[in-house]
Amino acid sequence: SEHLLMVDGIFAMGMGALCGGPFLAAFALAIGASNYEVGMLTTIALLSQLMQLPGLFLLRWIPRRRAITTILATLSRFCWLFIALIPFLFKGRGMSFMIQWFLISAVVGSACGPAWNSLLREIVPGTQIGRIFAKRMALGSVLTLVLTLIGGYFVDTWKAVSPDSMLYSYSILFLLGLLLGLVSSAALARMPDPTMCNAAQTPMMETLITPLKDRNFRQLIIFSAFWNFALNVSGPFFIIYMLDSIKVSMTMVTILTVVGQLANLAFLRMWGTFTDRYSSKPVLIVSGTMYLVTILA
């Protein structure tokens, strides 16, 4: 199962690199998206997380975690086929078509969250979860870095050779990302799926409300909500600003993206050491404040 977890994580991150980040925002701009429509994509990504609640009901109704995760993740990824086909078949109403399929992909993908988290908790020993996921993240990040750099160079080269057909370069990247996602789905389908204990005896409302009785948990939820909202609202517009306002090349945008990812890898261990020594809260306060000061600068 460890090998399958590695394959799933690495290839899923590879798909995320090609079907998200700078390429998603740049493609939206290229097909005529307004700032409002780019913001809508961000809103969809955030609000789709609410589908985890129906996903929890689905898991109680059909306690087959591997099947739920594999089917929903694969359907979510297949939606990118239609987004990739926009330059070929739907260029006239490209942005509305993109929002439609992006919404379906996000909603379906988020619904498998409870099943996936439950399955992970079951098949990954608690004493090994740190090692396995650190290795998974490191290998996936290496693939993400490579794909991001190559993708940026590929788009800029295509634009220089044939600017009128530049949209097709994004289609190729999205199709390649879809293939990587399907490899991840194949790994998911082969994972073990231990029988679930009968959790359905506990009323659903009690299951949802019990964690909220813990004051620290409520504080964490509030912090996470505001922090993720701020990052997701501002994040996509950095790329829009670079591409549209100051006319930075796609290659430079991807280089800056990779620099950020390399910095994350380089300092992850340091923050982990500080967390072990001083606990999570002081590290969050210091690093979060530094992050905000950097954005202000």
Side-chain angles (χ1 to χ4, degrees), residues 1-14 16-17 20-22 42 45-46 49 52 110 113-149 184 191 207-236 238-239 254-297:
S1 61
E2 180 177 337
H3 171 71
L4 294 172
L5 273 173
M6 292 297 169
V7 174
D8 162 62
I10 292 168
F11 283 88
M13 288 178 69
T42 303
L46 283 170
Q49 297 303 312
Q52 294 201 38
S110 296
W116 172 237
N117 290 329
S118 175
L119 182 61
L120 276 182
R121 185 180 179 87
E122 192 81 21
I123 64 177
V124 180
T127 55
Q128 299 180 33
I129 192 167
R131 176 187 64 82
I132 291 174
F133 274 83
K135 183 178 178 182
R136 189 175 187 253
M137 179 67 72
L139 294 174
S141 296
V142 170
L143 179 61
T144 297
L145 297 179
V146 173
L147 291 176
T148 302
L149 283 176
S184 171
M191 285 186 186
T207 301
L208 295 174
I209 291 174
T210 299
L212 296 175
K213 295 178 180 178
D214 187 296
R215 182 178 179 276
N216 285 333
F217 183 75
R218 292 198 305 272
Q219 294 291 95
L220 177 63
I221 290 294
I222 293 170
F223 164 76
S224 297
F226 279 97
W227 183 261
N228 285 307
F229 175 79
L231 293 188
N232 283 283
V233 164
S234 62
F238 283 105
I239 296 171
T254 54
I255 288 174
L256 291 172
T257 302
V258 166
V259 168
Q261 292 168 341
L262 286 173
N264 183 57
L265 284 174
F267 286 90
L268 197 60
R269 189 169 186 177
M270 182 192 78
W271 289 119
T273 301
F274 285 156
T275 299
D276 291 340
R277 185 177 301 173
Y278 302 111
S279 83
S280 299
K281 186 175 178 179
V283 171
L284 282 173
I285 293 172
V286 172
S287 60
T289 303
M290 290 171 61
Y291 188 93
L292 296 176
V293 169
T294 304
I295 298 300
L296 178 62

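Put simply, OG1 on Thr148 and CG on Leu256 are 12.0 Å apart, with the number rounded to the nearest 0.5 Å. The line from CD1 of Ile221 to CG of Asp214 is 10.5 Å long, rounded to the nearest 0.5 Å. One finds the CD1 atom of Ile255 at 12.5 Å from the CG atom of Leu145 (value rounded to the nearest 0.5 Å). Ile285 CD1 to Tyr278 OH: the interatomic distance, rounded to the nearest 0.5 Å, is 14.5 Å. The distance from the NZ atom of Lys281 to the CD atom of Gln219 is 8.0 Å, given to the nearest 0.5 Å. How far CZ of Phe223 is from CG of Asn228: 8.0 Å, rounded to the nearest 0.5 Å.
Among all heavy-atom pairs drawn from Leu143 and Gly14, the shortest one is CD2-CA, 4.0 Å. Minimum heavy-atom separation, Gly140 to Ile10: N-CG1, 3.8 Å. Taking each heavy atom of Leu147 and Ala17 in turn, the nearest pair found is CB-CB, 4.5 Å. Nearest heavy atom pair, residue Leu5 against residue Arg136, reads O-NE, 2.9 Å. In terms of heavy-atom proximity, Asp8 sits nearest to Ser184 at OD1-OG, 2.6 Å.
Atom CZ of Arg218 sits in a crowded spot, with more than 12 heavy atoms from other residues, nucleotides or ligands closer than 6.0 Å. For Met191, the CE atom is densely surrounded, since the number of other residues' heavy atoms within 6.0 Å is greater than 12.
A heavy-atom distance below 4.5 Å is found between the side chains of Ile295 and Phe238. In this structure the side chain of Trp227 reaches within 4.5 angstrom of the side chain of Leu292, judged on heavy atoms.
A distance-only check finds a donor-acceptor pair linking the side chain of Ser287 to the backbone of Val283 [under 3.5 Å].
Residues meeting the side chain to side chain donor-acceptor pair (under 3.5 Å) test with Gln49, sequence neighbours left out: Gln52, Ser110.
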